[in-house]
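Letters A, B, ... mirror the listed sequences (proteins, then strands); counts begin at 1.
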Protein chains: 2
Amino acid sequence: MVKRTSFEGDACPIARSLDAIGDWWSLLIIREALFGLRRFGEFQSKLGMAKNILSARLRSMVDHGILTMAPASDGSAYQEYVLTPKGRGTFPILVALRQWSEEFDDRPEAIATILVDREKGRPVKKLEMRAEDGRLLTPADTMLKPRPVPRRRSA
Amino acid sequence: MVKRTSFEGDACPIARSLDAIGDWWSLLIIREALFGLRRFGEFQSKLGMAKNILSARLRSMVDHGILTMAPASDGSAYQEYVLTPKGRGTFPILVALRQWSEEFDDRPEAIATILVDREKGRPVKKLEMRAEDGRLLTPADTMLKPRPVPRRRSA
DNA sequence: GGCACATGGTTTTATGATGCAACCACACAA
DNA sequence: TTGTGTGGTTGCATCATAAAACCATGTGCC
């Protein structure tokens with residue numbers, strides 16, 4: 001079978017993330033959800049995507065524990081899609097993507113919005129990687145280590 | 001024309017990033033490149049992907065200014081693919097993806113490696129979003145503002 | 001209850017993207 | 001010059017996506 005490659009069995013955490021949210025639409029759906037969208041129709045009209053694709057993506061993200069279907073909220077009998085903690089945990093990914101575009105996009109004038117600190121109205125600081133003790137790290141300051149095997153009793 | 005949706009004309013910087021590196025393979029290629037891989041064959045055998053797809057992705061990333069083709073380096077007449085500053089700038093995105101998986105993956109035991117600070121050998125700290133003045137920000141502490149129009153003279 | 005319309009999808013069908021294998025071009029060595 | 005490895009491209013089968021039509025249920029109104 002040819003079947004599009006799945007990274008689900010891969011041991012690399014980056015690949016595993018991409019397996020869940022690495023398609024063309026999921027992160028945009030999450031972006032809208034973070035800004036308060038909840039209903040099928042809201043996502044569909046805001047993103048302008050085909051309904052069948054939206055349907056498939058929502059289902060997939062529910063399966064991955066990123067969204068949950070909540071029964072109501074505004075009284076109507078319809079359902080809503082709300083982010084789980086796991087879903088809200090993607091926020092740094094979105095910020096990183098946004099900042100990368102802000103810094104390196106070939107046509108920065110095409111970018112319509114900037115993310116600001118609500119209190120001061122000033123742009124948020126660039127994400128930076130730090131060690132446990134607070135030292136600023138570059139990619140070269142890091143390395144990969146095998147995951148420590150958690151010790152457990154016989155079984 | 002049906003044509004897979006392109007976000008190139010989109011004003012959202014997240015969509016613009018995804019247009020460049022939002023496909024299934026690009027970020028994994030960049031991941032390997034950050035760890036020193038440079039040759040076509042290295043990427044191909046390490047990632048186990050089809051050569052035509054690799055070829056297309058490399059070309060696309062060269063077009064996007066993420067990779068450059070450098071003439072040599074080890075004496076042979078072959079070419080190499082090396083990351084540009086824009087390409088190296090994706091590092092926070094990769095770290096964010098990795099940390100998301102480390103924190104929320106359903107099967108954390110399947111994750112093989114952890115990213116550590118080379119000096120101390122300790123895991124790097126979680127990326128955190130901060131305001132210009134250093135306050136820690138949650139998603140709710142932020143908002144989107146229209147991009148300020150840079151002032152320019154008549155034309 | 002019965003009707004019209006909105007919401008929230010699924011189905012159908014066409015096309016683009018992906019995966020695999022085969023093939024090709026060139027460099028390098030003998 | 002023949003052989004082998006690297007670095008791709010080409011062809012073809014299959015999968016995923018997109019757009020539009022269709023359908024089921026909810027909701028408002030009488």
For atom CD of Glu80(B) and atom P of dA27(C), their distance in whole Å: 17 Å
Using nucleotides 20-24 of chain D, report all nitrogen or oxygen pairs with the protein that are shorter than 3.5 Å.
none

Donor-acceptor pair, side chain of Glu42(A) and main chain of Arg38(A), under 3.5 angstrom: yes
Atom-to-atom span, OH of Tyr78(A) to C1' of dG28(D) - whole angstrom: 11 Å
Separation of atom CE in Met69(A) from atom C1' in dT7(C), rounded to whole Å: 13 Å
Heavy atoms from other residues, nucleotides or ligands near CZ of Arg135(A) exceed 12 (cutoff 6.0 Å): yes
Flag side-chain contact, heavy atom, 4.5 Å: Thr142(A) against Phe91(B): yes
Spacing of Leu58(A) atom CG relative to dG8(C) atom P, expressed in whole Å: 11 Å
Atom NZ of Lys46(B): over 12 foreign heavy atoms under 6.0 Å: no
Check: Trp100(A) side chain, Lys86(B) main-chain N or O, donor-acceptor pair, under 3.5 Å: yes
Atom-pair distance (CZ on Phe40(A); P on dG26(D)), nearest Å: 17 Å
N or O in side chain of Ser55(A) less than 4.0 angstrom from dT10(C) OP1/OP2: yes
dG19(C) phosphate, OP1 or OP2, under 4.0 Å from Trp25(B) side-chain N/O: yes
Separation of atom CZ in Arg57(A) from atom P in dT17(D), rounded to whole Å: 5 Å
Presence of Arg38(A) side-chain N/O under 4.0 Å of dG8(C) phosphate oxygens OP1/OP2: no
Sugar-phosphate, base or nothing in reach of Tyr81(A), heavy atoms under 4.0 Å: sugar-phosphate
Between dG8(C) (P) and Leu37(A) (CG): distance, integer Å: 11 Å
dT6(D) OP1/OP2 closer than 4.0 Å to side-chain N/O of Arg39(B): no
Between Thr138(B) and Asp141(B): side-chain donor-acceptor atoms closer than 3.5 Å: yes
Pair Arg98(A) + Glu102(A): basic N to acidic O under 4.0 Å: yes
Length of the CZ-P vector between Arg59(B) and dG7(D), whole Å: 15 Å
dA18(D) phosphate, OP1 or OP2, under 4.0 Å from Trp24(A) side-chain N/O: no
